[in-house]
Structure formats: C-alpha cells, structure tokens
Amino acid sequence: MKVSQHARILSLCLAAGLWTGEAARAETPAEFYKGKNVTFIVSSVAGSGYDLYARTIARSYTRYLPGNPGMIVQNMPGASGVRAMNYLYNVSAKDGLSIGALPNFSALAPFYQIKQAQFDSTRFNWLGSPSEEESVFVVWHDAPIAAAKDMKGKEIILGSAGAAGTGAFYARVLGEVFGIKFKLVQGYSGLSGAMIAMERGEIQGYPSVFWNTLQSTKGDWIKQGKIRTVLRWSERPSPELRNVPYAGELAANDDDRRMIEIAAVPLKLGRPVAAPPGVAADRVAALKKGLEQSFKDPGYLKDCRQQKLDCSAPVTGEELSAVIGRAYSAPESVRTRLIAIYQAGRQKKSKQ
C-alpha cells in the first residue's frame with residue numbers, strides 16, 4: 001500500500017512537471033517579453049563607438065520586439081571586449097533577456113588562441129549588425145607603391161598605433177601575402193595623427209583605414225590626389241571603391257585568399273549584436289526579426305545620420321554566423337600562418 005501511494009505521488013509530480021514544462025514551452029515570445037527588460041551589454045566604455053551604436057539601436061529595437069519590453073544598456077568593458085563575451089557566454093541567463101554589442105575582433109579571439117577567451121564563437125546566437133566596416137590601404141601620393149601591382153618587393157614606411165594594433169596586423173598580412181617590405185612607425189593613437197605624419201613625410205602609408213572616416217576627415221585629400229587607395233580589405237565595396245581592387249582578388253593562391261578573407265572578418269562583422277547560446281529558438285527568431293526591422297526604421301536611420309554613424313549596410317544574423325563559421329573551418333595551414341602573424345605583434349608589444 002505504501003509503495004503504491006508513493007508511486008501515485010511520484011506519478012503526480014512527474015505529470016505536474018511535464019505540464020509546467022509544456023506550459024513554459026507554449027509561452028509565446030510576446031507573452032514572455034511583456035513587462036520585462038532586456039539587458040543590452042556593451043563591451044566598451046560609455047561614449048565609445050560601440051556604446052553609441054548600442055544606445056542608438058536600443059532606442060528603436062524594443063518597438064519591434066514582441067511584447068515591447070524595456071531595454072537597459074549596461075557597459076562591461078575589459079580585456080578588449082573578451083570580458084563581455086565571457087560573461088554573456090558563461091554567466092548570463094540563457095532566456096533571451098540578455099544580449100550584447102560585442103567587439104568584432106574578439107569573435108576571433110579563440111581562433112587566435114587568446115587564453116582569456118572562454119567561449120565558442122560559433123555557438124553564439126548572432127542577431128545582426130548595423131553595418132559592415134570598409135577599410136583600405138592608403139599611401140601618400142609620392143610613395144614607392146602607386147598601385148597594387150607595385151607591391152611585391154617594395155619597401156615602405158607604414159604607421160600604426162602599436163605593435164599589436166590593427167594597423168600593424170594588416171601590415172604583417174601585406175608582408176606575408178604580397179611581399180611588401182615595411183618599416184613600422186608606432187604610436188599614432190588616431191587617424192588624424194597618422195595623417196599629419198604622412199603629410200610631414202614621417203610615414204608613407206597606413207595599412208588599414210576606415211573608408212568612411214577617411215572620407216569625413218580627409219575628403220579633400222582624396223579629391224586632390226594627395227593620397228592613393230592601393231587596395232580594399234572589404235569584399236563588398238561602396239560605389240566609390242568599386243575600382244579599387246579587393247585584396248583577396250590579388251592573392252596568388254587559395255591559402256593566401258583565405259588568409260585575406262579571415263583577416264577581414266572583423267570588418268564584415270561590423271558592430272555585431274548577439275545573444276548567448278541556449279536561448280529558445282522562437283525567442284532568437286524574434287530577436288533577429290526585431291533587429292532587422294529596427295535597422296529599417298526611419299527614426300533609427302535619422303538618429304544614425306545625426307550622430308554620423310554608418311548604418312548603411314546592415315548584416316543579418318545568418319550572415320554573421322556564416323562568416324564566423326567559415327573562419328573557424330579554415331585549413332590548419334592558413335590558421336597557423338595567421339596565428340603566427342597575430343602572435344608576432346603581441347610578442348613585440350610585450351618586449352616594449
């Protein structure tokens with residue numbers, strides 16, 4: 001009798017648990033999000049570029065999410081954005097109430113064997129990005145490199161923020177893939193300083209410059225022919241760059257082309273937004289759709305223009321996932337070369 005009663009109690013408990021689980025699964029995204037707040041984690045400090053994009057997105061995003069939840073922007077800088085990615089991946093709840101504006105380069109942190117990165121980038125639910133970044137290799141008008149065909153074996157003085165900076169990384173890629181011999185002058189904290197140095201003759205070029213920034217700050221130089229755009233790192237160009245060769249098209253073999261492609265992944269990602277892994281599929285779908293709709297919102301686009309934010313070429317979550325997945329599926333030969341290029345910069349930085 002006791003055994004039978006225990007069995008009945010156990011059966012009732014299991015049934016109750018099953019019913020609760022079914023009820024939870026039946027809850028629509030609109031029902032779930034109604035009356036709640038979504039925490040939007042930003043991987044950098046307040047006032048930074050990522051922060052401006054995130055707050056601009058947040059102002060329109062909630063209007064396109066089912067249930068119209070509130071949205072709280074929370075800054076979480078540290079370790080070049082890796083801290084925020086670690087938090088979202090390992091700590092935050094996986095219920096769809098936490099998303100992140102994540103650094104584009106840190107999506108490749110595990111690829112480059114950065115030990116602080118405790119996450120698998122391919123498992124994030126990538127939601128979308130407000131725009132791709134376009135970057136170009138520029139030289140002063142009297143530099144020894146006049147066009148892409150002139151690169152091999154030429155010696156040139158290039159500028160960079162530091163040994164482990166983006167400019168230095170792309171300079172080493174130029175050397176590895178195209179045979180450019182370069183001397184790197186470091187310490188330029190911003191584009192304006194590097195451009196002044198170029199005008200003074202201290203350096204002859206800069207390996208990677210955002211095209212929209214170059215247009216807005218040195219548009220007169222472009223028109224006057226003071227600087228030359230040798231190549232672009234971005235595969236999908238704006239109309240002004242259609243006659244500038246894409247670096248991947250210039251590579252001599254498949255491995256070199258793949259190296260260029262992966263080196264340029266951060267540009268393709270732009271300012272990516274993601275949810276952690278493990279979020280229910282219908283909530284991920286709602287987050288993706290809401291973000292895509294908000295990127296078309298007239299108020300959002302006006303907000304971007306007023307803040308001089310480039311929101312002209314949004315990227316879908318599916319595109320982000322495909323780009324990241326392809327990078328991590330690279331042949332070992334390509335990955336080994338890229339890791340060596342990246343680690344060379346970190347080693348030089350540690351010796352300084």
Side-chain angles (χ1 to χ4, degrees), residues 49 104 131-251 260 263-264 266-268 270 304-305 307-313 345:
N104 51 30
S131 189
E132 290 186 35
E133 299 279 12
E134 287 187 284
S135 181
V136 292
F137 170 32
V138 297
V139 298
W140 194 243
H141 63 86
D142 62 358
I145 296 173
K149 60 183 177 60
D150 302 322
M151 291 188 292
K152 189 172 181 61
K154 291 295 178 68
E155 297 183 1
I156 188 169
I157 304 171
L158 300 175
S160 173
T166 301
F169 174 78
Y170 282 109
R172 288 191 291 274
V173 172
L174 287 170
E176 174 75 13
V177 175
F178 300 113
I180 291 178
K181 299 176 182 179
F182 63 89
K183 176 184 177 183
L184 202 62
V185 180
Q186 303 169 26
Y188 301 107
S189 58
L191 179 62
S192 59
M195 294 297 104
I196 291 171
M198 201 180 299
E199 189 172 30
R200 290 175 176 171
E202 297 172 15
I203 60 176
Q204 297 168 301
Y206 209 82
S208 176
V209 180
F210 287 144
W211 176 243
N212 61 341
T213 304
L214 194 64
Q215 283 182 305
S216 61
T217 59
K218 294 297 178 185
D220 57 332
W221 282 12
I222 298 171
K223 293 176 183 178
Q224 296 166 16
K226 288 188 175 182
I227 51 178
R228 297 178 180 139
T229 306
V230 178
L231 58 78
R232 54 182 165 87
W233 296 103
S234 312
E235 189 172 1
R236 188 168 71 178
S238 61
E240 303 92 340
L241 293 176
R242 283 178 183 159
N243 294 326
V244 177
Y246 165 55
E249 296 171 346
L250 303 172
I260 295 292
L267 300 172
K268 177 71 175 180
C304 285
R305 288 192 297 271
Q307 297 182 84
K308 297 183 178 179
L309 300 177
D310 184 7
C311 304
S312 61

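Starting from 1, each residue takes its place in the sequence as its number.
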**Request:** Could you walk me through whether Ile157 and Phe182 pass the side chain to side chain contact (heavy atoms under 4.5 Å, CB included) test, one step at a time?
**Result:** CA-CA 6 Å; Ile157 304 171; Phe182 63 89; over 6 Å; no
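- Taking a 6.0 Å sphere around CG of Asp142, one finds it holds more than 12 heavy atoms contributed by other residues, nucleotides or ligands.
- Of all the heavy atoms in Ala171 and Leu184, the pair that sits closest is CB-CD1, 4.1 Å.
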**Request:** For side chain to side chain contact (heavy atoms under 4.5 Å, CB included), just list the numbers for Tyr206 and Leu214, CA-CA rounded to whole Å, side-chain angles, deciding distance to a tenth of an Å, and then say yes or no.
**Result:** CA-CA 11 Å; Tyr206 209 82; Leu214 194 64; over 6 Å; no
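- Of the charged side-chain nitrogens involved, at least one lies within less than 4.0 Å of a carboxylate oxygen, so that Glu132 and Arg236 count as a salt-bridged pair.
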**Prompt:** Going through the checks in order, is the side-chain hydrogen bond (donor to acceptor under 3.5 Å, both in side chains) test met by Ser208 and Ser135?
**Reply:** CA-CA 6 Å; Ser208 176; Ser135 181; 2.4 Å; yes
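- Aromatic ring centres of Trp221 and Trp140 lie closer together than 6.0 Å.
- Of all heavy-atom pairs spanning Ser312 and Ser131, the tightest one is N-OG, 3.9 Å.
- Here the side chains of Cys304 and Asp310 are not in contact, with every heavy-atom distance at 4.5 Å or above.
- Remark: Glu176 CD is packed, more than 12 non-hydrogen atoms of other residues, nucleotides or ligands lying under 6.0 Å away.
- To the nearest 0.5 Å, atom NZ of residue Lys181 and atom CE of residue Met151 are 15.0 Å apart.
- The shortest non-hydrogen separation linking Pro266 to Asn104 is O-ND2, 3.1 Å.
- Side-chain atoms of Asp150 never come within 3.5 Å of backbone atoms of Ile145 as a donor-acceptor pair (strictly under, hydrogens ignored).
- Between Pro144 and Gln204, some side-chain heavy-atom pair lies under the 4.5 Å cut-off.
- Here the side chains of Tyr246 and Ile260 are in contact, with some heavy-atom distance below 4.5 Å.
- Proximity of Phe137 to Thr229: side-chain heavy atoms (C-beta onward) are nowhere separated by under 4.5 Å.
- Of the possible polar contacts, one joining the Ser160 side chain to the Ala168 backbone as a donor-acceptor pair under 3.5 Å is found.
- Note: Phe210 CZ to Ser216 OG = 12.0 Å, rounded to the nearest 0.5 Å.
- Here the straight-line distance linking atom CD1 of Ile227 with atom CE of Met195 works out to 6.5 Å at 0.5 Å rounding.
- To the nearest 0.5 Å, atoms CG (Asp220) and NZ (Lys226) are separated by 6.5 Å.
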**Item:** Residue pair Phe178, Leu250: steps toward the side chain to side chain contact (heavy atoms under 4.5 Å, CB included) verdict
**Value:** CA-CA 8 Å; Phe178 300 113; Leu250 303 172; 3.7 Å; yes
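- A donor and an acceptor atom, one from each side chain of Glu133 and Ser234, are nowhere located under 3.5 Å apart.
- Two rings, from Tyr170 and Trp233, have their centers less than 6.0 Å apart.
- Under a 3.5 Å cut-off, the side chain of Arg232 and the backbone N or O of Val136 do not form any donor-acceptor pair.
- A heavy-atom distance below 4.5 Å is found between the side chains of Val139 and Ile156.
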**Request:** Test Ile203 against Leu158 for side chain to side chain contact (heavy atoms under 4.5 Å, CB included), laying out the working first.
**Result:** CA-CA 5 Å; Ile203 60 176; Leu158 300 175; over 6 Å; no
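- Put simply, the side chain of Glu134 gets close to the backbone of Ser238: a donor and an acceptor are under 3.5 Å apart.
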